[in-house]
Amino acid sequence: MAAEWYNEQPKNRNFLSPAGFKLDLEIFHGVDFFCQSASIPEIAITFAEVDTPYRKVPIAGSGGINFGDLQVRFLIDEELKNYNTIHSWIRKYGLSDSRLIPGESDLYSNARLMVLTSHNNLNHIIEFTNLFRVSLSGVPFDATIGDVEYFSADVTFKYERYELLDEKFKPLK
């Protein structure tokens, strides 16, 4: 009988690089270009717990999926254009300047987090549907610092769902 262990070995021994990504945000030009970090959000199923005399027993699959937030960090350009894009979007739909309800034409956006191979070729796509902003970090000016560190901002997005796709936009199997 021939050894089958060889066929069970991993075919690709390259590891996923934390620096191998690009972000494409449909309506946030400049934020994606200066993106410093982004992550595939967590995913979890909801569950119930049943009380017993000794402990609570978890029961799986009792009501849907919860997605974590999409967190993005980007460098702020000197003109504040990319920062102001997010800032204005939050103010517009946060109704902070008026009591009128704006149209929803630009309330949502779609986004793609493109995962690259070790040779910087497109390998996988994480596609976010109906993305909207939740928060934007502040910009803390400080004249006492010694070395110049360029400003970055953190923005948090919520979204309807995300899908893991291959480089041809087909769902991963």
Side-chain angles (χ1 to χ4, degrees), residues 8-52 55-76 82-83 85-94 104 106-140 149-173:
E8 296 173 6
Q9 297 298 309
K11 303 283 188 251
N12 184 350
R13 294 184 184 256
N14 294 323
F15 297 106
L16 191 61
S17 169
F21 72 97
K22 292 190 319 187
L23 184 66
D24 178 28
L25 297 167
E26 283 183 359
I27 64 173
F28 301 113
H29 304 292
V31 173
D32 50 2
F33 182 74
F34 294 113
C35 183
Q36 297 294 295
S37 68
S39 62
I40 300 173
E42 64 186 45
I43 183 173
I45 61 168
T46 57
F47 63 93
E49 289 186 332
V50 177
D51 288 327
T52 67
R55 67 181 184 99
K56 292 183 180 207
V57 176
I59 298 174
S62 62
I65 295 174
N66 293 323
F67 293 108
D69 296 339
L70 173 60
Q71 304 279 344
V72 175
R73 175 171 290 142
F74 63 95
L75 289 175
I76 301 172
N82 56 6
Y83 187 85
T85 300
I86 303 281
H87 186 270
S88 296
W89 197 40
I90 289 174
R91 290 181 64 94
K92 179 178 179 182
Y93 289 104
E104 292 189 7
D106 63 345
L107 177 59
Y108 298 101
S109 179
N110 291 329
R112 291 184 179 137
L113 180 61
M114 293 169 265
V115 180
L116 307 177
T117 66
S118 56
H119 296 348
N120 288 329
N121 296 320
L122 181 62
N123 194 19
H124 294 77
I125 300 157
I126 295 82
E127 188 164 51
F128 296 90
T129 306
N130 290 337
L131 185 87
F132 63 97
R133 79 289 168 255
V134 176
S135 67
L136 177 65
S137 67
V139 182
E149 293 182 25
Y150 296 105
F151 280 124
S152 64
D154 295 316
V155 62
T156 302
F157 296 101
K158 297 275 188 189
Y159 50 91
E160 185 179 317
R161 68 178 182 275
Y162 72 83
E163 301 288 332
L164 301 174
L165 308 172
D166 65 13
E167 72 278 2
K168 296 176 184 166
F169 293 91
K170 304 282 188 222
L172 288 182
K173 296 180 183 181

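Being a predicted model, the structure only gives us computed values, none of them experimental.
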For the student: nearest non-hydrogen atoms of Glu167 and Leu122, plus distance: CB-O, 3.7 Å
Heavy-atom closest pair, residues Glu26 and Ser109: CB-OG, 3.4 Å
Looking only at heavy atoms, which two atoms of Cys35 and Ala38 are closest? And how far apart? SG-CB, 4.3 Å
Enter the distance from Thr156:OG1 to Leu70:CG here, rounded to the nearest 0.5 Å. 8.5 Å
Between Tyr83 and Leu136, is the side chain to side chain contact (heavy atoms under 4.5 Å, CB included) condition met? List the steps. CA-CA 9 Å; Tyr83 187 85; Leu136 177 65; 3.6 Å; yes
Pairwise distance CG(Leu25) to CZ(Arg133) - rounded to 0.5 angstrom: 14.0 Å
Where is the tightest heavy-atom contact between Met114 and Asp24, given as atom of each residue plus distance? CE-CB, 3.5 Å
Heavy-atom distance under 4.5 Å between the side chains of Leu116 and Lys22, does that happen here? yes
Is there a side chain to side chain contact (heavy atoms under 4.5 Å, CB included) between Ile27 and Trp89? Walk through the geometry before answering. CA-CA 10 Å; Ile27 64 173; Trp89 197 40; 4.0 Å; yes
Gly68 and Pro41: which non-hydrogen atoms are nearest, and at how many Å? O-CB, 3.5 Å
Does the plane of the ring in Phe128 sit parallel, tilted or perpendicular to the ring in Tyr159? Use 30° and 60° as the thresholds. perpendicular
Side chain of Asp154, backbone of Gln71: donor and acceptor closer than 3.5 Å? no
Tyr162 side chain vs Phe67 backbone, donor-acceptor pair below 3.5 Å: no
Could you state the interatomic distance from CD (Glu127) to CZ (Arg161), rounded to the nearest 0.5 Å? 8.5 Å
In the structure I gave you, are the side-chain heavy atoms of Ile126 and Phe21 within less than 4.5 Å of one another anywhere? no
So, does Asn110 use its side chain to make a donor-acceptor pair with the main chain of Asn130 at under 3.5 Å? yes
How many angstroms lie between atom CD1 of Ile40 and atom CG of Leu113, to the nearest 0.5 angstrom? 6.0 Å
Looking only at heavy atoms, the pair that brings Ile76 and Asn82 closest together is CA-OD1, 3.7 Å
Report yes if some heavy atom in the side chain of Asp69 is under 4.5 Å from a heavy atom in the side chain of Val134; otherwise report no. no
